[in-house]
Amino acid sequence: MRKWLLSILILTLAVVLMACGSDDNNESSNEDKTSDGSKWDEIKEEGEIVVGTSGTLYPASYYPEDSDELTGYDVEIMKEIADRLDLEISFEEYGVDGLLSAIDSGRIDVAANDLEVTNSRDEGFDFSDPYKHSYATMIVREDDLSGIETLEDLEGKLHGGGATTIFAQIAEHYGAEIESYGNVANDVYLRDVETGRTDLIINDYYLQSLALEALPDIEVTQHPDLQFHPSETAVVMGEGEDELKEKLDETLSEMREDGTLTELSEEFFGGKDASQEPEEEVEEIEGLDL
């Protein structure tokens with residue numbers, strides 16, 4: 001009789017434990033489903049979009065002199081998008097090399113920092129429709145163009161910039177070495193070229209043009225004969241965030257149609273409309289899969 005009662009008690013206890021385990025699993029499963037909501041659902045629930053940017057890339061993302069308010073072409077586009085989507089907005093500042101990992105880790109929702117759409121980035125991230133069209137140019141020393149006449153002359157030269165940028169990849173493709181920087185302002189890059197610490201900086205045409213205008217005392221120049229690598233700039237987000245991409249694309253389309261993108265571009269790019277494709281003939285980079 002005792003053995004029979006003991007067996008019943010063990011069986012009952014096992015059923016209770018199984019039931020508890022089932023409840024725990026269901027609860028865990030429900031929590032997983034909640035946490036597996038889309039990034040757009042998360043943003044809507046918070047009422048805020050968190051944008052990663054550098055704060056040091058004039059005129060895309062920077063602080064004007066004697067001001068603690070972040071602005072720039074990319075920054076103001078994101079502010080306008082947030083406003084039209086009825087969201088608050090906050091910015092988190094990272095060096096260029098840290099923006100994509102900040103998306104991956106969930107520290108930011110999207111990144112906007114003159115980030116180019118490329119095949120390699122497209123494998124792990126999604127992009128909005130482009131809000132800027134441009135191409136690459138090269139800053140060199142004013143007196144001798146840093147000894148560079150063609151892209152092939154980059155071999156053995158020292159390129160200043162973020163180690164993982166598209167522009168660094170182009171420089172390396174032609175045999176240049178990379179002098180990597182943290183999150184520093186334009187004058188640091190330019191003075192290093194001027195003094196010979198580095199030889200060149202490849203970057204976006206519009207950004208380099210305005211950096212030179214803002215710092216006329218530094219004796220560097222945009223190379224007069226080299227325009228290459230046509231590019232498109234967009235908002236970057238995590239892969240598979242279709243609803244968020246749809247919201248961003250719809251809003252950017254509205255801003256393009258009502259002239260807001262043109263207006264912002266002309267404000268930050270010296271009267272030029274970077275939201276439209278450039279008319280210049282631009283050399284494609286052969287043999288480099290970006």
Side-chain angles (χ1 to χ4, degrees), residues 28 30-64 67-117 121-122 124-132 162 182-183 185 232-265 267-268 274-275:
S28 175
N30 289 335
E31 287 176 358
D32 288 344
K33 287 179 182 176
T34 302
S35 64
D36 284 346
S38 72
K39 176 59 71 173
W40 174 244
D41 289 336
E42 180 185 320
I43 290 169
K44 277 196 307 182
E45 184 176 346
E46 294 293 329
E48 179 185 58
I49 186 166
V50 181
V51 181
T53 194
S54 69
T56 59
L57 186 62
Y58 178 83
S61 170
Y62 69 102
Y63 291 91
S67 173
D68 58 0
E69 183 174 351
L70 186 67
T71 188
Y73 181 57
D74 296 54
V75 169
E76 296 304 325
I77 283 174
M78 290 310 305
K79 288 179 182 178
E80 181 68 18
I81 287 173
D83 185 57
R84 294 188 186 208
L85 293 175
D86 197 27
L87 295 169
E88 297 294 321
I89 188 168
S90 63
F91 292 93
E92 296 289 336
E93 293 174 19
Y94 294 89
V96 175
D97 294 342
L99 286 169
L100 298 185
S101 61
I103 294 175
D104 265 341
S105 67
R107 297 193 299 274
I108 58 176
D109 300 320
V110 300
N113 196 71
D114 201 60
L115 290 167
E116 182 182 334
V117 180
R121 286 174 178 167
D122 199 34
F125 300 89
D126 284 343
F127 294 87
S128 71
D129 289 340
Y131 55 80
K132 176 169 169 277
N183 200 20
E232 294 179 332
T233 295
V235 183
V236 188
M237 69 205 82
E239 189 175 30
E241 297 297 345
D242 297 339
E243 195 172 3
L244 175 57
K245 173 176 166 53
E246 181 181 348
K247 295 295 182 183
L248 293 173
D249 287 347
E250 287 175 355
T251 310
L252 285 167
S253 179
E254 291 172 5
M255 293 166 64
R256 188 173 293 105
E257 289 172 8
D258 67 22
T260 302
L261 287 183
T262 295
E263 183 180 333
L264 287 172
S265 176
E267 176 184 350
F268 287 100
S275 70

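Residues: numbered from 1 along the sequence shown.
- You'll find the side chain of Leu244 stays beyond 4.5 Å of the side chain of Asp126, heavy atoms only.
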Could you go through the side-chain contact (heavy atoms from CB on, under 4.5 Å) check for Glu92 and Arg107 one step at a time? CA-CA 8 Å; Glu92 296 289 336; Arg107 297 193 299 274; over 6 Å; no

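- Rounding to the nearest 0.5 angstrom, the gap separating the CD atom in Glu80 from the CE atom in Met255 is 5.0 Å.
- The neighbour count for Glu88 CD, taken as heavy atoms of other residues, nucleotides or ligands under 6.0 Å away, does not exceed 12.
- Taking a 6.0 Å sphere around CG of Asp258, one finds it holds more than 12 heavy atoms contributed by other residues, nucleotides or ligands.
- To the nearest 0.5 Å, atoms CD (Glu42) and CD1 (Ile49) are separated by 10.5 Å.
- Between the CD atom of Glu45 and the CH2 atom of Trp40 there is a distance of 12.5 Å, given to the nearest 0.5 Å.
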When you look at Tyr62 and Thr71, which way does the side-chain contact (heavy atoms from CB on, under 4.5 Å) test go after all the steps? CA-CA 6 Å; Tyr62 69 102; Thr71 188; 3.8 Å; yes

Evaluate the side-chain contact (heavy atoms from CB on, under 4.5 Å) criterion for residues Arg121 and Leu115: first the C-alpha distance (whole Å), next the side-chain angles of each, then the deciding distance (0.1 Å), finally the verdict. CA-CA 10 Å; Arg121 286 174 178 167; Leu115 290 167; 4.2 Å; yes

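- Atom OG1 in Thr233 sits 6.5 Å away from atom CD in Glu116 (nearest 0.5 Å).
- The CG atom of Leu264 sits 10.5 Å away from the NZ atom of Lys79 when rounded to the nearest 0.5 Å.
- In this structure Glu93 satisfies the side chain to side chain donor-acceptor pair (under 3.5 Å) test together with Tyr63, sequence neighbours excluded.
- Glu241 places a side-chain N or O within 3.5 Å of a backbone atom of Lys39 that can act as its donor or acceptor partner.
- Glu239 CD: more than 12 foreign heavy atoms inside a 6.0 Å radius.
- Under 3.5 Å, the side chains of Asp74 and Ser61 contain no donor-acceptor pair of N or O atoms.
- With Asp129 contributing its side chain and Asp249 its backbone, the two residues share no donor-acceptor pair below 3.5 Å.
- Remark: Leu248 CG to Ile77 CD1 distance equals 11.5 Å, nearest 0.5 Å.
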